[in-house]
Undergrad: 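Quick one: structure below, then a few questions.
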There are 2 protein chains.
Amino acid sequence: MPPEKNTPTPAEWKVLKLLFDLGPSAARDLIAAAERAHGWSASTVKTLLRRLTDKGHVEAQAVGSSFLYRATRPAHRAFRDEADRLLANSAPGALGPLLQYLVKKSRLSKDELDELRALIDAQREERER
Amino acid sequence: MPPEKNTPTPAEWKVLKLLFDLGPSAARDLIAAAERAHGWSASTVKTLLRRLTDKGHVEAQAVGSSFLYRATRPAHRAFRDEADRLLANSAPGALGPLLQYLVKKSRLSKDELDELRALIDAQREERER
DNA sequence: GCCACTCGTCTACATTTGTAGACCGACCGA
DNA sequence: TCGGTCGGTCTACAAATGTAGACGAGTGGC
(Lines give C-alpha, C1' and ligand atoms only; values in the text may rest on other atoms or scores of the structure.)
Protein backbone atom coordinates (compact mmCIF):
# COMPACT_ATOMS: atom_id res chain seq x y z
CA MET A 1 0.00 0.00 0.00
CA PRO A 2 1.55 3.31 -1.00
CA PRO A 3 1.61 6.00 1.69
CA GLU A 4 -0.72 8.10 -0.42
CA LYS A 5 -4.12 7.20 0.84
CA ASN A 6 -6.79 9.55 -0.48
CA THR A 7 -6.37 9.31 -4.18
CA PRO A 8 -7.14 12.50 -6.09
CA THR A 9 -10.58 12.91 -7.50
CA PRO A 10 -10.93 13.48 -11.24
CA ALA A 11 -11.06 17.24 -10.86
CA GLU A 12 -8.08 17.17 -8.58
CA TRP A 13 -6.22 15.09 -11.10
CA LYS A 14 -6.64 17.78 -13.67
CA VAL A 15 -4.93 20.28 -11.43
CA LEU A 16 -2.25 17.78 -10.60
CA LYS A 17 -1.64 17.20 -14.25
CA LEU A 18 -1.24 20.90 -14.82
CA LEU A 19 1.29 20.94 -12.04
CA PHE A 20 3.19 18.09 -13.65
CA ASP A 21 3.16 19.89 -16.95
CA LEU A 22 4.17 23.26 -15.60
CA GLY A 23 6.44 22.13 -12.86
CA PRO A 24 6.38 23.87 -9.48
CA SER A 25 4.22 26.90 -10.02
CA ALA A 26 2.72 29.93 -8.45
CA ALA A 27 -1.01 30.18 -8.04
CA ARG A 28 -1.41 32.68 -10.86
CA ASP A 29 0.03 30.29 -13.43
CA LEU A 30 -2.03 27.36 -12.30
CA ILE A 31 -5.14 29.47 -12.28
CA ALA A 32 -4.41 30.74 -15.76
CA ALA A 33 -3.71 27.26 -17.06
CA ALA A 34 -6.85 25.84 -15.51
CA GLU A 35 -8.89 28.65 -16.89
CA ARG A 36 -7.54 27.96 -20.34
CA ALA A 37 -7.76 24.19 -20.08
CA HIS A 38 -11.05 23.77 -18.28
CA GLY A 39 -12.72 27.11 -18.04
CA TRP A 40 -12.55 27.06 -14.29
CA SER A 41 -12.76 30.11 -12.12
CA ALA A 42 -9.91 31.09 -9.86
CA SER A 43 -11.83 30.03 -6.79
CA THR A 44 -12.28 26.56 -8.11
CA VAL A 45 -8.58 26.11 -8.64
CA LYS A 46 -7.82 27.47 -5.20
CA THR A 47 -10.20 25.04 -3.61
CA LEU A 48 -8.79 22.09 -5.49
CA LEU A 49 -5.31 23.17 -4.58
CA ARG A 50 -6.26 23.31 -0.96
CA ARG A 51 -7.83 19.88 -1.08
CA LEU A 52 -4.80 18.50 -2.83
CA THR A 53 -2.52 19.86 -0.16
CA ASP A 54 -4.85 18.56 2.53
CA LYS A 55 -4.60 15.13 1.00
CA GLY A 56 -0.86 15.42 0.69
CA HIS A 57 -0.60 15.27 -3.06
CA VAL A 58 0.63 18.81 -3.31
CA GLU A 59 3.00 20.73 -1.15
CA ALA A 60 2.76 24.48 -0.73
CA GLN A 61 6.13 25.96 -0.14
CA ALA A 62 6.00 29.45 1.33
CA VAL A 63 7.74 32.00 -0.85
CA GLY A 64 7.38 35.55 0.29
CA SER A 65 3.78 36.12 1.12
CA SER A 66 2.46 33.38 -1.10
CA PHE A 67 3.20 29.81 -2.07
CA LEU A 68 4.97 27.83 -4.65
CA TYR A 69 2.99 24.70 -5.31
CA ARG A 70 4.65 21.46 -6.21
CA ALA A 71 3.51 17.88 -6.48
CA THR A 72 4.78 15.84 -3.58
CA ARG A 73 5.46 12.80 -5.70
CA PRO A 74 6.78 12.71 -9.24
CA ALA A 75 4.35 12.16 -12.05
CA HIS A 76 5.42 8.61 -12.70
CA ARG A 77 4.66 7.65 -9.14
CA ALA A 78 1.25 9.16 -9.31
CA PHE A 79 0.44 7.37 -12.53
CA ARG A 80 1.79 4.20 -11.09
CA ASP A 81 -0.64 4.44 -8.25
CA GLU A 82 -3.44 4.89 -10.74
CA ALA A 83 -2.20 1.90 -12.66
CA ASP A 84 -2.20 -0.11 -9.48
CA ARG A 85 -5.81 0.66 -8.98
CA LEU A 86 -6.43 -0.60 -12.46
CA LEU A 87 -4.60 -3.85 -11.79
CA ALA A 88 -6.36 -4.30 -8.52
CA ASN A 89 -9.66 -4.35 -10.34
CA SER A 90 -8.68 -6.33 -13.36
CA ALA A 91 -9.51 -10.00 -13.53
CA PRO A 92 -6.55 -12.29 -14.20
CA GLY A 93 -7.51 -13.34 -17.71
CA ALA A 94 -8.32 -9.84 -18.84
CA LEU A 95 -4.86 -8.51 -18.23
CA GLY A 96 -3.13 -9.72 -21.34
CA PRO A 97 -5.58 -8.13 -23.76
CA LEU A 98 -5.61 -5.01 -21.66
CA LEU A 99 -1.87 -4.56 -21.92
CA GLN A 100 -2.00 -5.28 -25.62
CA TYR A 101 -4.54 -2.60 -25.99
CA LEU A 102 -2.45 -0.15 -24.02
CA VAL A 103 0.69 -0.86 -25.98
CA LYS A 104 -1.14 -0.50 -29.24
CA LYS A 105 -2.79 2.69 -28.29
CA SER A 106 0.06 4.41 -26.57
CA ARG A 107 2.31 4.69 -29.63
CA LEU A 108 5.61 4.30 -27.90
CA SER A 109 8.84 5.41 -29.51
CA LYS A 110 11.19 2.81 -30.92
CA ASP A 111 13.42 3.05 -27.92
CA GLU A 112 10.60 2.56 -25.56
CA LEU A 113 9.40 -0.42 -27.56
CA ASP A 114 12.87 -1.90 -27.39
CA GLU A 115 13.00 -1.53 -23.67
CA LEU A 116 9.64 -3.07 -23.27
CA ARG A 117 10.59 -5.95 -25.48
CA ALA A 118 13.71 -6.58 -23.47
CA LEU A 119 11.64 -6.66 -20.36
CA ILE A 120 9.25 -9.14 -21.88
CA ASP A 121 12.06 -11.37 -22.97
CA ALA A 122 13.37 -11.35 -19.46
CA GLN A 123 9.99 -12.38 -18.16
CA ARG A 124 9.75 -15.16 -20.70
CA GLU A 125 13.07 -16.46 -19.50
CA GLU A 126 11.70 -16.61 -16.02
CA ARG A 127 8.72 -18.60 -17.18
CA GLU A 128 11.09 -21.14 -18.68
CA ARG A 129 12.72 -21.91 -15.43
CA MET B 1 -15.41 8.14 -27.15
CA PRO B 2 -17.05 4.94 -25.92
CA PRO B 3 -20.81 4.98 -25.63
CA GLU B 4 -20.51 4.44 -21.88
CA LYS B 5 -20.59 7.88 -20.43
CA ASN B 6 -21.06 7.77 -16.70
CA THR B 7 -18.18 5.67 -15.59
CA PRO B 8 -18.84 3.59 -12.50
CA THR B 9 -17.81 4.96 -9.17
CA PRO B 10 -15.37 2.95 -7.07
CA ALA B 11 -18.13 1.30 -5.08
CA GLU B 12 -20.01 0.50 -8.24
CA TRP B 13 -16.87 -1.00 -9.69
CA LYS B 14 -16.71 -3.43 -6.85
CA VAL B 15 -20.14 -4.70 -7.64
CA LEU B 16 -19.33 -4.82 -11.31
CA LYS B 17 -16.28 -6.84 -10.58
CA LEU B 18 -18.32 -9.32 -8.60
CA LEU B 19 -20.62 -9.59 -11.58
CA PHE B 20 -17.67 -10.28 -13.84
CA ASP B 21 -16.38 -12.91 -11.49
CA LEU B 22 -19.69 -14.63 -10.91
CA GLY B 23 -21.16 -14.16 -14.34
CA PRO B 24 -24.83 -13.25 -14.72
CA SER B 25 -26.27 -13.61 -11.27
CA ALA B 26 -29.33 -13.30 -9.14
CA ALA B 27 -29.52 -10.69 -6.44
CA ARG B 28 -29.02 -13.16 -3.66
CA ASP B 29 -25.65 -14.27 -4.96
CA LEU B 30 -24.40 -10.78 -5.52
CA ILE B 31 -25.56 -9.74 -2.11
CA ALA B 32 -23.88 -12.69 -0.50
CA ALA B 33 -20.66 -12.07 -2.39
CA ALA B 34 -20.64 -8.39 -1.54
CA GLU B 35 -21.32 -9.14 2.07
CA ARG B 36 -18.39 -11.51 2.10
CA ALA B 37 -16.07 -9.29 0.11
CA HIS B 38 -16.88 -5.89 1.54
CA GLY B 39 -19.14 -6.37 4.50
CA TRP B 40 -21.94 -4.50 2.78
CA SER B 41 -25.55 -4.79 3.72
CA ALA B 42 -28.09 -6.07 1.24
CA SER B 43 -29.55 -2.63 0.78
CA THR B 44 -26.24 -1.20 -0.24
CA VAL B 45 -25.81 -3.76 -2.94
CA LYS B 46 -29.32 -3.19 -4.19
CA THR B 47 -28.73 0.53 -4.44
CA LEU B 48 -25.49 0.09 -6.29
CA LEU B 49 -27.14 -2.37 -8.61
CA ARG B 50 -29.87 0.10 -9.34
CA ARG B 51 -27.40 2.88 -10.02
CA LEU B 52 -25.40 0.61 -12.27
CA THR B 53 -28.47 -0.25 -14.27
CA ASP B 54 -29.42 3.41 -14.41
CA LYS B 55 -26.04 4.21 -15.83
CA GLY B 56 -26.30 1.35 -18.26
CA HIS B 57 -23.41 -0.72 -16.98
CA VAL B 58 -25.65 -3.51 -15.83
CA GLU B 59 -28.71 -4.99 -17.38
CA ALA B 60 -31.49 -6.53 -15.32
CA GLN B 61 -33.16 -9.30 -17.22
CA ALA B 62 -36.55 -10.23 -15.81
CA VAL B 63 -36.71 -13.87 -14.81
CA GLY B 64 -39.88 -14.87 -13.06
CA SER B 65 -40.62 -12.30 -10.46
CA SER B 66 -37.06 -11.12 -10.09
CA PHE B 67 -34.03 -10.29 -12.18
CA LEU B 68 -30.92 -11.80 -13.51
CA TYR B 69 -28.21 -9.17 -13.49
CA ARG B 70 -25.54 -9.10 -16.11
CA ALA B 71 -22.90 -6.63 -17.14
CA THR B 72 -23.83 -4.93 -20.39
CA ARG B 73 -20.29 -4.93 -21.66
CA PRO B 74 -17.70 -7.65 -21.24
CA ALA B 75 -15.06 -7.20 -18.62
CA HIS B 76 -12.31 -6.43 -21.06
CA ARG B 77 -14.28 -3.53 -22.47
CA ALA B 78 -14.91 -2.11 -19.08
CA PHE B 79 -11.26 -2.35 -18.13
CA ARG B 80 -10.34 -0.84 -21.44
CA ASP B 81 -12.38 2.21 -20.62
CA GLU B 82 -10.59 2.50 -17.33
CA ALA B 83 -7.28 2.16 -19.11
CA ASP B 84 -8.30 4.93 -21.44
CA ARG B 85 -8.85 7.22 -18.54
CA LEU B 86 -5.36 6.37 -17.40
CA LEU B 87 -3.85 7.16 -20.79
CA ALA B 88 -5.80 10.36 -21.02
CA ASN B 89 -4.07 11.60 -17.90
CA SER B 90 -0.61 10.27 -18.53
CA ALA B 91 2.04 12.57 -19.90
CA PRO B 92 3.75 11.36 -23.08
CA GLY B 93 7.15 10.60 -21.60
CA ALA B 94 5.76 8.78 -18.63
CA LEU B 95 4.04 6.11 -20.66
CA GLY B 96 6.97 3.87 -21.40
CA PRO B 97 7.95 3.37 -17.77
CA LEU B 98 4.33 3.00 -16.85
CA LEU B 99 3.82 0.13 -19.27
CA GLN B 100 7.02 -1.47 -18.12
CA TYR B 101 5.79 -1.32 -14.61
CA LEU B 102 2.49 -2.85 -15.60
CA VAL B 103 4.08 -5.68 -17.54
CA LYS B 104 6.42 -6.43 -14.73
CA LYS B 105 3.78 -6.39 -12.10
CA SER B 106 1.06 -8.23 -13.92
CA ARG B 107 2.88 -11.54 -14.22
CA LEU B 108 1.48 -12.62 -17.53
CA SER B 109 1.58 -16.21 -18.66
CA LYS B 110 4.08 -17.28 -21.27
CA ASP B 111 1.44 -17.25 -23.97
CA GLU B 112 0.34 -13.78 -23.08
CA LEU B 113 3.93 -12.61 -23.09
CA ASP B 114 4.40 -14.11 -26.53
CA GLU B 115 1.41 -12.31 -27.87
CA LEU B 116 2.52 -9.07 -26.40
CA ARG B 117 5.95 -9.51 -27.84
CA ALA B 118 4.56 -10.16 -31.26
CA LEU B 119 2.55 -7.01 -31.00
CA ILE B 120 5.58 -5.03 -30.01
CA ASP B 121 7.57 -6.40 -32.90
CA ALA B 122 4.84 -5.34 -35.22
CA GLN B 123 4.95 -1.85 -33.81
CA ARG B 124 8.69 -1.72 -34.18
CA GLU B 125 8.30 -2.64 -37.80
CA GLU B 126 6.02 0.26 -38.25
CA ARG B 127 8.53 2.62 -36.70
CA GLU B 128 11.04 1.46 -39.25
CA ARG B 129 8.96 2.57 -42.17
C1' DG C 1 -54.26 -20.94 2.90
C1' DC C 2 -50.55 -19.03 5.77
C1' DC C 3 -45.88 -17.73 6.72
C1' DA C 4 -41.25 -16.90 6.31
C1' DC C 5 -38.26 -15.23 3.05
C1' DT C 6 -36.69 -12.80 -1.12
C1' DC C 7 -36.71 -9.12 -4.07
C1' DG C 8 -37.28 -4.85 -5.77
C1' DT C 9 -38.58 0.02 -4.83
C1' DC C 10 -38.63 4.23 -1.97
C1' DT C 11 -36.67 7.01 1.09
C1' DA C 12 -32.92 8.78 3.96
C1' DC C 13 -28.89 10.89 5.31
C1' DA C 14 -23.96 11.84 6.06
C1' DT C 15 -19.87 12.66 3.26
C1' DT C 16 -17.39 13.91 -0.73
C1' DT C 17 -16.95 16.31 -4.87
C1' DG C 18 -17.53 20.11 -8.23
C1' DT C 19 -17.85 24.76 -8.61
C1' DA C 20 -17.57 29.30 -6.98
C1' DG C 21 -18.44 33.87 -4.38
C1' DA C 22 -16.98 36.91 -0.42
C1' DC C 23 -13.58 38.84 2.13
C1' DC C 24 -9.10 40.26 3.90
C1' DG C 25 -4.34 41.19 4.19
C1' DA C 26 0.06 41.97 1.53
C1' DC C 27 2.36 44.18 -2.11
C1' DC C 28 3.24 47.24 -6.07
C1' DG C 29 3.01 51.10 -8.89
C1' DA C 30 1.63 55.99 -9.19
C1' DT D 1 0.12 57.01 0.69
C1' DC D 2 -3.80 55.16 -1.77
C1' DG D 3 -5.96 52.24 -4.55
C1' DG D 4 -5.85 48.16 -7.31
C1' DT D 5 -4.48 43.43 -7.72
C1' DC D 6 -3.00 38.93 -6.22
C1' DG D 7 -3.16 35.26 -3.23
C1' DG D 8 -5.15 32.74 0.59
C1' DT D 9 -8.92 31.47 3.63
C1' DC D 10 -13.94 30.92 4.69
C1' DT D 11 -18.20 29.84 3.42
C1' DA D 12 -21.75 27.98 0.36
C1' DC D 13 -24.38 24.92 -1.98
C1' DA D 14 -25.97 21.62 -5.43
C1' DA D 15 -24.93 17.08 -7.09
C1' DA D 16 -22.89 12.62 -6.62
C1' DT D 17 -21.59 8.93 -3.71
C1' DG D 18 -21.51 5.57 0.17
C1' DT D 19 -24.30 3.25 3.07
C1' DA D 20 -28.53 1.52 4.67
C1' DG D 21 -33.49 1.02 6.72
C1' DA D 22 -38.57 0.50 5.68
C1' DC D 23 -42.09 -1.34 3.06
C1' DG D 24 -44.89 -4.06 0.01
C1' DA D 25 -45.59 -7.77 -3.44
C1' DG D 26 -44.58 -12.50 -4.90
C1' DT D 27 -43.57 -17.32 -3.77
C1' DG D 28 -42.22 -21.75 -2.23
C1' DG D 29 -42.97 -24.86 1.45
C1' DC D 30 -46.07 -26.93 4.72
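In what follows, chains are A, B, ... by sequence order, proteins preceding strands, each numbered from 1.
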Undergrad: Could you check how far CG of D54(B) sits from C1' of dT9(C), rounded to whole Å?
TA: 12 Å
Undergrad: Looking at L119(B), L113(B), V103(B), which one forms a side-chain contact (heavy atoms from CB on, under 4.5 Å) with L99(A)?
TA: V103(B)
Undergrad: Does P10(A) or L49(B) map to a spot on DNA chain C nearer the 5' end, using the closest nucleotide for each?
TA: L49(B)
Undergrad: With the 4.5 Å side-chain cut-off for hydrophobic clustering, are L22(B) and L16(B) part of the same group?
TA: yes
Undergrad: Between dG8(C) atom C1' and L48(B) atom CG, what is the distance in whole Å?
TA: 15 Å
Undergrad: Could you check if a side-chain atom of T44(B) sits within less than 4.5 angstrom of a side-chain atom of H38(B), using non-hydrogen atoms only?
TA: no
Undergrad: By the definition side chain to side chain donor-acceptor pair (under 3.5 Å), identify the one residue from K17(A), K55(A), R51(A) that meets it with E12(A).
TA: K55(A)
Undergrad: Parallel, tilted or perpendicular for F79(A) and F20(A), by the 30°/60° rule?
TA: tilted
Undergrad: Take a 6.0 Å sphere around CZ of R50(A) and say whether it holds more than 12 heavy atoms from other residues, nucleotides or ligands.
TA: yes
Undergrad: Could you run down nucleotides 21-30 of chain C 5' to 3' and tag each one B, S or - for protein heavy-atom contact under 4.0 Å?
TA: BB---SS---
Undergrad: Without decimals, in angstroms, what is the distance between Q61(B) CD and dG8(C) C1'?
TA: 16 Å
Undergrad: Rounded to whole angstrom units, what separation is found between the NZ atom of K55(A) and the C1' atom of dG18(C)?
TA: 12 Å
Undergrad: Using the heavy-atom set of chain A and a strict 4.0 Å cut-off, write down the first and last nucleotide of DNA chain D that makes it in, 5' to 3'.
TA: dC6(D) to dT11(D)
Undergrad: Going by the side-chain contact (heavy atoms from CB on, under 4.5 Å) test, name the single residue among L108(B), D114(B), L116(B) that passes it with R124(A).
TA: D114(B)
Undergrad: Only one of L95(B), L98(B), L86(B) forms a side-chain contact (heavy atoms from CB on, under 4.5 Å) with S106(A), so which one is it?
TA: L95(B)
Undergrad: To the nearest angstrom, how far is N6(B) atom CG from dG18(C) atom P?
TA: 14 Å
Undergrad: Does R51(A) or L68(A) map to a spot on DNA chain D nearer the 5' end, using the closest nucleotide for each?
TA: L68(A)
